[in-house]
Amino acid sequence: MRVVLLLLLVASGDAELEKGLPRRPSLSCVRCCGPGEQPVPIVSSRHARMSSTPYSVPRVQPTIDITILKGEKGEMGEKGPPGAVGKAGERGQRGLNGRKGQKGQPGPQGHSCKQLFAAFSVGRRKPLHSSDYFQHVTFDTEFVNLYQHFNMFSGRFFCYVPGVYYFSLNVHTWNFKETYVHLMRNEEDVAILYAQPSERSIMQSQSLMLDLQEGDEVWVRMFKRERENAIYSEESDVYIIFNGHLVKPALE
């Protein structure tokens, strides 16, 4: 095999170096191929020479320790105020029917027709002085209250059965004090019980009959004028009594 070596000498390299010009890289000898050989690429030959060098550049891969950047977990803050109420959404589709509940307990026995009875009798054990121009009289003792038509909290009889009713009011006057009481139907005074101031306290009564419609209310109020108005009673006994009952219903 005949090998031809081509040696290129660059004579001008030294001259340029002397003139202060940058030196061109020198060309190395390259083995040429013979008649039956393939040419060897210059790049592959350089790579082969560089890979055969005993020293290699280490590959540097930086790493970051995340633990030194992440702080400790803080404490839970206070609950913030509620946000604004959002808009109401669209109505959803109707759901499935629920399961049938258990059967309830039987109720009280009913009546075949509307009750045509009404009666009450209530009293007051505490005395009362009028402090306002008009003062409502309430009662604290229940003797008869058929079907609870008389409201003990408000001191009013409510008419559920229209018809003719009989009412009576009994009070005990106070020594040297005036007694002035109105018997009311709704907001209208229909009867007056009055007693002038006296050295002796006495029992006073008033009674009347009223034709009531369903929804009417009957009650008692005190009326204060220039003089002091009062009615007397005691905890041990009842001196103030208000009665009422149905005489004849409108429909029988």
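Here the structure is a predicted model, which means the values were calculated and not measured.
Atom CG in Asp140 sits 7.0 Å away from atom CD in Glu235 (nearest 0.5 Å). Asn175 contributes atom CG, which lies 7.5 Å from atom OG of Ser198 (distance to the nearest 0.5 angstrom). Interatomic distance, Gln93 CD to Glu90 CD, rounded to the nearest 0.5 Å: 11.0 Å. Taking CG of Asp211 as the reference point, atom CD of Gln213 lies at 6.0 Å (rounded to 0.5 Å). Rounding to the nearest 0.5 Å places CD of Glu187 at 10.5 Å from CG of Asp189. For the atom pair CZ of Arg221 and CD of Gln135, the computed distance is 12.0 Å after rounding to the nearest 0.5 Å.
With no hydrogens or angles considered, a side-chain donor-acceptor pair links Arg125 and Thr141 at under 3.5 Å.
Side-chain contact between Ile202 and Gln204: present, with at least one pair of heavy atoms (C-beta onward) separated by less than 4.5 Å. The shortest distance between side-chain heavy atoms of His136 and Trp219 falls below 4.5 Å. Residues Cys159 and Val218 have side chains not in contact (no heavy-atom distance under 4.5 Å, counting atoms from C-beta outward). No side-chain heavy atom of Lys126 sits under 4.5 Å from any side-chain heavy atom of Ser233. Looking at heavy atoms from C-beta onward, Phe176 lies in side-chain contact with Glu199 at the 4.5 angstrom threshold.
Following chains of ILVMFWY side-chain contacts shorter than 4.5 Å, one cannot reach Ile240 starting from Val144, and the two form parts of different hydrophobic clusters. One hydrophobic cluster holds both Leu193 and Phe139 under the rule that ILVMFWY side chains link at heavy-atom gaps under 4.5 Å. Grouping the Ile, Leu, Val, Met, Phe, Trp and Tyr side chains by contacts below 4.5 angstrom, directly or via other members, places Leu208 with Leu246. Note on Val238 and Trp174: separate hydrophobic clusters, where clusters join Ile, Leu, Val, Met, Phe, Trp and Tyr whose side-chain heavy atoms are under 4.5 Å apart, directly or indirectly. The hydrophobic clustering, which links ILVMFWY residues whose side-chain heavy atoms are closer than 4.5 Å, places Val171 and Leu183 together.
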**Message:** With side-chain contact (heavy atoms from CB on, under 4.5 Å) as the criterion, how do Arg124 and Thr138 come out once you've worked through the C-alpha distance, each side chain's angles and the decisive distance to 0.1 Å?
**Reply:** CA-CA 7 Å; Arg124 180 181 176 92; Thr138 57; 3.4 Å; yes
**Message:** Between Tyr166 and Met209, is the side-chain contact (heavy atoms from CB on, under 4.5 Å) condition met? List the steps.
**Reply:** CA-CA 4 Å; Tyr166 174 83; Met209 298 180 70; 3.8 Å; yes
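Of the possible donor and acceptor atoms, one in the side chain of Asn145 sits under 3.5 Å from a partner among the backbone N and O of Phe150. With hydrogens and angles ignored, the 3.5 Å screen pairs a side-chain donor or acceptor of Thr179 with a backbone N or O of Ala230. The main-chain N or O of Asn229 is found under 3.5 Å from a side-chain atom of Ser130 such that the two form a donor-acceptor pair. Judged by distance alone, the side chain of Glu234 and the main-chain N or O of Tyr239 form no donor-acceptor pair under 3.5 Å. Side chain of Asp216 to backbone of Arg185: no donor-acceptor contact under 3.5 angstrom is found. Judged purely by atom type and a 3.5 angstrom limit, Gln206 uses its side chain to pair as donor or acceptor with the backbone of Ile192.
When every heavy atom of His149 is checked against every heavy atom of Phe117, the shortest pair comes out as CE1-O, 4.0 Å. Looking at every heavy atom in both residues, Ala118 comes nearest to Leu146 through N-CD2, 4.1 Å. The shortest non-hydrogen separation linking Thr173 to Ser201 is O-CB, 3.1 Å.
In this pair, Phe167 and Tyr165 present their aromatic rings parallel. The plane angle is below 30°, not in the 30 to 60° band. Taking the six-membered ring where the residue is Trp, Tyr194 and Tyr180 present perpendicular rings, their angle passing 60° and hence far from 30°.
For the side-chain contact (heavy atoms from CB on, under 4.5 Å) test with Tyr232, the passing option among Lys177, His172, Met203 is His172; the others fail. When each of Tyr147, Phe120, Phe242 is tested with Phe157 by the rule ring-ring contact (aromatic ring centres under 6.0 Å, His included), just one qualifies, namely Phe120.
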